[in-house]
There are 2 protein chains.
Amino acid sequence: MTRVSLIPVRPGGPGEPAAESERRDAARNRALLLRAARELVEEAGADGLTMASLAARAGVGKGTVFRRFGSRGGLMLALLSDAEAGFQGRFMFGPPPLGPGAPPLARLIAFGAERINWVLEYGELARAADASAHNRFDVPAAVLWHRHLEMLLREAGVTADPWLMAGALSVTLEPERILHSVRVHGVSPERLAESWRELVTRVVRGG
Amino acid sequence: MTRVSLIPVRPGGPGEPAAESERRDAARNRALLLRAARELVEEAGADGLTMASLAARAGVGKGTVFRRFGSRGGLMLALLSDAEAGFQGRFMFGPPPLGPGAPPLARLIAFGAERINWVLEYGELARAADASAHNRFDVPAAVLWHRHLEMLLREAGVTADPWLMAGALSVTLEPERILHSVRVHGVSPERLAESWRELVTRVVRGG
DNA sequence: AATGTAAACGGACTGCGGTCCGTTTCTTAT
DNA sequence: ATAAGAAACGGACCGCAGTCCGTTTACATT
């Protein structure tokens, strides 16, 4: 399964291949930090994790945390990495109707349903990752979904600016909105999925 | 023209009527602060305004700034108040096709076009207001657009969960996405408006 | 005018994300 | 083994949003 790298190895540069021999102490600290971060999220929720408390828990300096993950958002992205990769694998290579083999509209519908459930499980982390990320639309994972949606729209025969249309559909599934609907207004996941189905069906058929 | 109060008089309580006799010094400081805030935004942009610099410029203490506006977001909302009220007035009471009198689909299309232009003019403030506002969907203005879109959808004969559908359309027009499209990807306002037209047309006709 | 009191004031203080830079540790070459 | 250089480390430090609470000010009542 192909993996899109979510955390650049060097904070500054563009996404390099992740392997390239990391120094022993760096690797150890990364493991320490990820473990400590998961513990803290478990105990206090994503919002309850502070970079200082994480450093303390892992027994490293605060500078090390930022050297490793770049920012709070980067850390959250790292914590999400596996879940994100799983989701990507499912819609790109998994079984239909989510994966290839089903008609595009069916894949679109399945994509939304899958994403909604994903958000309900990992949304708090995703929200924390998005917050204070000026570039949430340019994160590799976001670009990938966008392209995927755009491709499905094209396959479904949508010729009217599929790039923007994919963007419109994409924001519809963002954690912020989904969690707000569910938590504040008590909307059920099924109702959200049904609404998504209506939306993409109309977008595809309306052409 | 009816005005929806955007800034609660008392930070804690729900939106009370704005009149209710404000103490003379409070009123003076509010005017001072708003004027200073506009100057600072003019000079350094919304992101360049800090609450401390605002307090200094207005010649008041920092506590006063927070007492008056509650938070940075509240201040930005206050700065947007007039622009927001103008927009509200236009889509609720203005001339068609934006205001009442035109068929619902035409009003929906006009709503998007108007909002896009609005965001291009005031978007930076709106973005600053949204950022770090955990409740951006519950801000009075947002609730109002949501209801408006929902109503238009119903009038247009959309029976499939108009509330959620209105929410989906609504996030599509958020400053974050619009500004990102324009500034990072060079999308023209016209192209955005056209895409919105396609979207709402399909949503309405697809039923 | 004097007085009581509720409201507003102001700035020191806290907590957080993020940066900086002198110090330490790993790795490689000799 | 050792020395040199690169990379990682760590915690003091900064700027900012937001809070707290002792002090001041405006208004109403007499």
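All of these numbers come straight from a predicted model, not from anything done at the bench. Labels below follow one simple rule: chain letters A, B, ... track the order of the sequence lines, proteins then strands, and each chain is numbered from 1.
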Is the shortest side-chain heavy-atom distance between Arg68(B) and Val65(B) below 4.5 Å?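 Side-chain contact under 4.5 Å: no.
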
I want to check something: taking the side chain as every heavy atom from C-beta on, are Val158(B) and Arg202(A) in contact at a cut-off of under 4.5 Å? yes

Given atom [atom1] of [X] and atom [atom2] of [N], what is their separation to the nearest angstrom?
X         : N       : atom1 : atom2 : result
Leu54(A)  : dC16(C) : CG    : P     : 13 Å
His134(B) : dA17(D) : NE2   : C1'   : 14 Å
Arg30(B)  : dC9(C)  : CZ    : P     : 11 Å
Arg72(A)  : dA17(D) : CZ    : P     : 18 Å

Under a 4.0 Å heavy-atom criterion, the protein footprint on nucleotides 25-30 of chain D, written with B, S and -, is BSS---

Any donor-acceptor pair under 3.5 Å joining the side chain of Lys62(B) to the base of dA12(C)?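 Under the 3.5 Å cut-off, the side chain and the base do not form any donor-acceptor pair.
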
What side-chain donor-acceptor pairs closer than 3.5 Å can you find for residues 108-124 of chain B, not counting sequence neighbours?
| from | atom 1 | to | atom 2 | distance (Å) |
| --- | --- | --- | --- | --- |
| Glu114(B) | OE2 | Arg90(B) | NH1 | 2.1 |
| Asn117(B) | ND2 | Ala113(B) | O | 3.4 |
| Trp118(B) | NE1 | Ala83(B) | O | 3.3 |

Quick check on [N]: is either OP1 or OP2 less than 4.0 Å from any side-chain nitrogen or oxygen of [X]?
X        : N       : answer
Thr64(A) : dG10(D) : yes
Arg68(A) : dC9(D)  : yes
Asn29(B) : dA8(C)  : no
Arg67(B) : dG18(D) : no

Tell me, which pairs form a ring pair (Phe, Tyr, Trp, His ring centres under 6.0 Å) where one or both residues lie in residues 175-194 of chain A, sequence neighbours left out? His180(A)-His185(A), His180(A)-Phe137(B), His185(A)-Trp163(B)

Are there over 12 heavy-atom neighbours, none belonging to Arg24(A), within less than 6.0 Å of that residue's CZ? no

State whether the number of non-hydrogen atoms from other residues, nucleotides or ligands found under 6.0 Å of Glu42(A) atom CD is greater than 12. no

Under 4.0 Å, counting only non-hydrogen atoms across every strand here, what does Thr50(A) touch: a base, just sugar-phosphate, or nothing? sugar-phosphate

Distance col, row Leu98(B):CG vs Met92(B):CE, nearest 0.5 angstrom, shows 11.0 Å

Which listed nucleotide (dG17(C), dT19(D), dC9(C)) is nearest to the side chain of Phe66(B)? dT19(D)

